[in-house]
Amino acid sequence: MQDFFVHETAVIDEGCIIGKDAKIWHFSHIMPKCVIGEACNIGQNCVIFPNVVLGRNVKVQNNVSIYEGVTCDEDVFLGPSMVFTNVINPRSGVNRRGQYAKTHVGKGASIGANATIVCGHDIGAFAFIGAGAVVTKTVPAYALVVGNPAKQIGWMSEYGHRLEFDASHKAICPESGQEYELGENGVTRIA
């Protein structure tokens with residue numbers, strides 16, 4: 001007996017591992033050797049390619065393809081119709097299988113609707129990629145990036161609020177009360 005939900009129109013290939021309480025919706029295809037963590041939600045019309053790993057509680061909105069070479073930590077949000085690539089220089093007449101660049105999305109990161117993540121560029125934990133952004137370089141943890149090409153315009157809390165740092169390089173999330181510090185290597189949350 002399976003302990004996850006699969007809509008009758010979804011296709012699940014053999015050799016997948018699907019965690020407890022996951023939900024896979026209309027017309028989605030989960031290909032072989034995928035790992036879908038507990039409590040993940042895969043929206044309609046999504047394709048998860050072989051060897052993709054999604055951590056616990058990843059939310060994949062409608063019309064997202066997650067190509068081989070992508071891994072996501074827990075609590076990642078992938079917005080509607082966002083795009084991962086997996087080859088830097090695709091050509092229809094040239095087979096580049098085995099040359100897929102890897103992309104890792106860190107814990108709690110959010111990628112907005114219609115954003116594009118060019119392969120080989122990791123997304124740091126709790127980073128926030130604005131809708132429609134085109135990411136062409138690695139994004140640090142807690143960074144807020146927008147535009148084409150994406151540029152960092154600030155920092156975000158773990159609850160998804162823009163951080164405003166004071167003269168002592170400290171900021172407090174208005175929702176959680178969590179405190180953050182801005183240093184030479186980026187933002188860290190103070191325990």
Should [X] and [Y] be counted in the same cluster of Ile, Leu, Val, Met, Phe, Trp and Tyr side chains packed under 4.5 Å apart?
X    : Y    : result
F128 : M82  : no
Y100 : V70  : no
V58  : V6   : yes
V52  : V60  : yes
W155 : I123 : no

Take a 6.0 Å sphere around [atom1] of [X] and say whether it holds more than 12 heavy atoms from other residues, nucleotides or ligands.
X    : atom1 : result
Y159 : OH    : no
N185 : CG    : no
K59  : NZ    : yes

Item to check | Aromatic ring pairing F126/Y142, orientation class (parallel under 30°, perpendicular over 60°, tilted between) | outcome: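 Geometry flag for Y142 against F126: parallel rings.
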
Checklist entry - How far does NZ of K23 sit from CZ of F5, to the nearest 0.5 angstrom? => result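 One gets 8.5 Å once the value is rounded to the nearest 0.5 Å.
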
Is there a donor-acceptor contact under 3.5 Å linking the side chains of [X] and [Y]?
X    : Y    : answer
T9   : H26  : no
N45  : N62  : no
N86  : R96  : no
E181 : H169 : no
N51  : E68  : yes

A side-chain contact here means heavy atoms from C-beta on lying under 4.5 Å apart; do [X] and [Y] qualify?
X    : Y    : result
I153 : V145 : no
D21  : D3   : no
V64  : I48  : no
K170 : I190 : yes
H161 : M156 : no
N41  : I24  : no
L78  : I66  : yes
T116 : V135 : no

Please report the closest heavy-atom contact between [X] and [Y], naming both atoms and the distance.
X   : Y   : result
D13 : M31 : OD2-CA, 3.4 Å
A10 : W25 : CB-O, 3.7 Å
I42 : S28 : CG2-OG, 4.1 Å

Checklist entry - Hey, does the side chain of H29 reach the backbone of V47 with a donor-acceptor pair shorter than 3.5 angstrom? => result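 The answer is no, because no donor-acceptor pair under 3.5 Å joins these two groups.
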
Next on the checklist: Whether the side chain of Y180 engages the backbone of E158 through a donor-acceptor N/O pair (distance < 3.5 Å, no angle test) should be reported.
Outcome noted: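 Yes, Y180 side chain to E158 backbone: donor-acceptor pair under 3.5 Å.
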
Checklist entry - Is E74 salt-bridged to K107, going by a charged N under 4.0 Å from an acidic O? => result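 Yes, E74 and K107 are salt-bridged.
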
